[in-house]
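Everything below concerns the one structure shown next.
Quick note: residue numbers are just sequence positions, from 1.
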Amino acid sequence: MIFRGVIPPVTTPFDEHGSILFDSLQRNIEAYLRTELSGLLLLGSNGEAVHLDDEEKQQIVRRVSGQLEGTERKLVVGLNGASLRDNLTFVEQVDDLPVDALLVSVPGYYRNRMGVQAMRRVFLEIAARSPFPILLYNVPQYSGLALPPDLIAELAGHERVVGMKDSSGNLIYVEAVLEKIADRSFEVLLGSAQIWGPSLTLGIRAGILAVACAFPNLPVQVLQRVLSGEDFKAAQGELFRVAQALTSGYGVPGLKYAMDLAGLEGRYCRAPLYPLNDEEKAAVKAAVAPLLEGAPVRL
């Protein structure tokens, strides 16, 4: 399996009462399929997967996988249950679907007991039971846990563990991982738009980037410019600024509001996440204004 290009971590649109707006979700997917995005991630952090029940997760994966039928886009599905048993049960529920990989998070509620041995068990048992390839997910800002590079190198030797997504935003960590797996057939997908440009100079060729949910062309253009020889600092200046404002500053509510501004359907978050207040909306609108000149981007 080879991942290339930019993949958005698809958001889940809700109405003001917290019900999933499946029509809005499917219209967003239709819009993404008209861009140069190379795949989709469902049930990730930006998809508010931790606020969805198993039935809702299944519906999302089934509906969207149907929309991807006949395309060459990769479909990655997040696995983020609170226990190993929850995760294995969900794998069984979707094992008939055309999923290209599972993005596996380490359960972090009891993080003081989630040492290397526990992490290893989570990944190896899922890999042993999954019909799909596995991507490790390093997202310490949410899980409270960072995957040790030595453990990543060990797991990279497993035939079902094909890569990882790193959302730490730590370029030194990324370099340490790349050094550990240099002789392995194992791919590192970047999860932080703020270091997308410099990561490309290290050989990374795929990213799952939240900013692509609202502005798909922005990270794709950075990829193309850097690979054509342009200095990464010049290429990614606007991407850094927008990503910093959206994902670092205002999280999922900010990302969804930017989607609304861009002509997509971000809509509401599910409680306890609140929508932006007027001051926050003004700040997001100012941050993305250069991308909205003339008229909203209707993809």
Side-chain angles (χ1 to χ4, degrees), residues 7-22 24-25 28 40-64 75-94 97 99 101-114 118-119 122-123 125-126 130 132 134-147 164-169 189 191-192 208-210 212-213 246-257 259 266-276:
I7 296 172
V10 175
T11 58
T12 306
F14 300 98
D15 68 15
E16 61 268 37
H17 305 295
S19 297
I20 299 175
L21 297 170
F22 285 104
S24 295
L25 172 63
N28 286 342
L40 303 172
L41 166 66
L42 302 178
L43 310 183
S45 303
N46 288 281
E48 298 173 71
V50 294
H51 293 165
L52 301 172
D53 63 37
D54 270 8
E55 178 60 32
E56 291 172 326
K57 291 178 182 179
Q58 287 183 60
Q59 288 189 61
I60 288 171
V61 178
R62 290 185 183 280
R63 287 172 183 249
V64 174
L75 178 59
V76 183
V77 173
L79 202 60
N80 38 53
S83 71
L84 178 57
R85 179 174 177 170
D86 288 346
N87 285 328
L88 292 173
T89 297
F90 186 72
V91 171
E92 293 175 356
Q93 292 168 340
V94 298
L97 299 178
V99 174
L102 296 174
L103 179 64
V104 182
S105 303
V106 174
Y109 189 84
Y110 297 108
R111 63 180 61 91
N112 64 316
R113 297 298 298 168
M114 287 300 298
M119 292 182 187
V122 168
F123 292 124
E125 290 203 25
I126 292 173
S130 171
F132 313 116
I134 298 298
L135 293 171
L136 315 177
Y137 188 16
N138 186 58
V139 57
Q141 58 267 45
Y142 291 148
S143 69
L145 299 161
L147 303 184
M164 70 175 291
K165 176 192 176 188
D166 174 62
S167 295
S168 68
L189 289 74
S192 174
I208 301 177
L209 305 174
C213 293
L246 296 187
T247 58
S248 296
Y250 300 105
V252 181
L255 179 62
K256 285 188 167 183
Y257 181 60
M259 290 174 63
R267 308 299 292 268
Y268 291 88
C269 293
R270 179 171 275 181
L273 287 181
Y274 282 92
L276 303 185

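With Lys165 contributing its side chain and Gly191 its backbone, the two residues share no donor-acceptor pair below 3.5 Å. Panel note: side chain Gln141, backbone Ser167; a donor-acceptor pair is recorded below 3.5 Å. At least one donor-acceptor pair closer than 3.5 Å links the side chain of Thr12 to the backbone N or O of Gly47. With hydrogens and angles disregarded, no donor-acceptor distance shorter than 3.5 Å links the side chain of Asn46 to the backbone of Pro9.
Other residues, nucleotides and ligands contribute over 12 non-hydrogen atoms within 6.0 Å of the CZ atom of Phe14.
Under the 6.0 Å distance and 45° angle rule, Arg63 counts as a cation-pi partner of Phe22.
Looking at Leu52, Val94, Val77 one by one, the single match for side-chain contact (heavy atoms from CB on, under 4.5 Å) with Lys57 turns out to be Leu52.
Proximity of Phe123 to Leu147: side-chain heavy atoms (C-beta onward) are separated by under 4.5 Å at one or more points. Residues Val139 and Ser168 fail the side-chain proximity criterion, which asks for heavy atoms closer than 4.5 Å. Between Ser130 and Ile134, some side-chain heavy-atom pair lies under the 4.5 Å cut-off.
A distance of 11.0 Å separates CG of Leu103 from CG of Leu42, quoted to the nearest 0.5 Å.
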**Item:** side chain to side chain donor-acceptor pair (under 3.5 Å) assessment of Ser105 paired with Tyr142
**Value:** CA-CA 10 Å; Ser105 303; Tyr142 291 148; over 6 Å; no
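Ion pairing between Arg85 and Glu125 fails under the 4.0 Å rule for side-chain N and carboxylate O. Electrostatic pairing of Glu56 and Arg270 counts as a salt bridge here, judged by a charged N lying under 4.0 Å from a carboxylate O.
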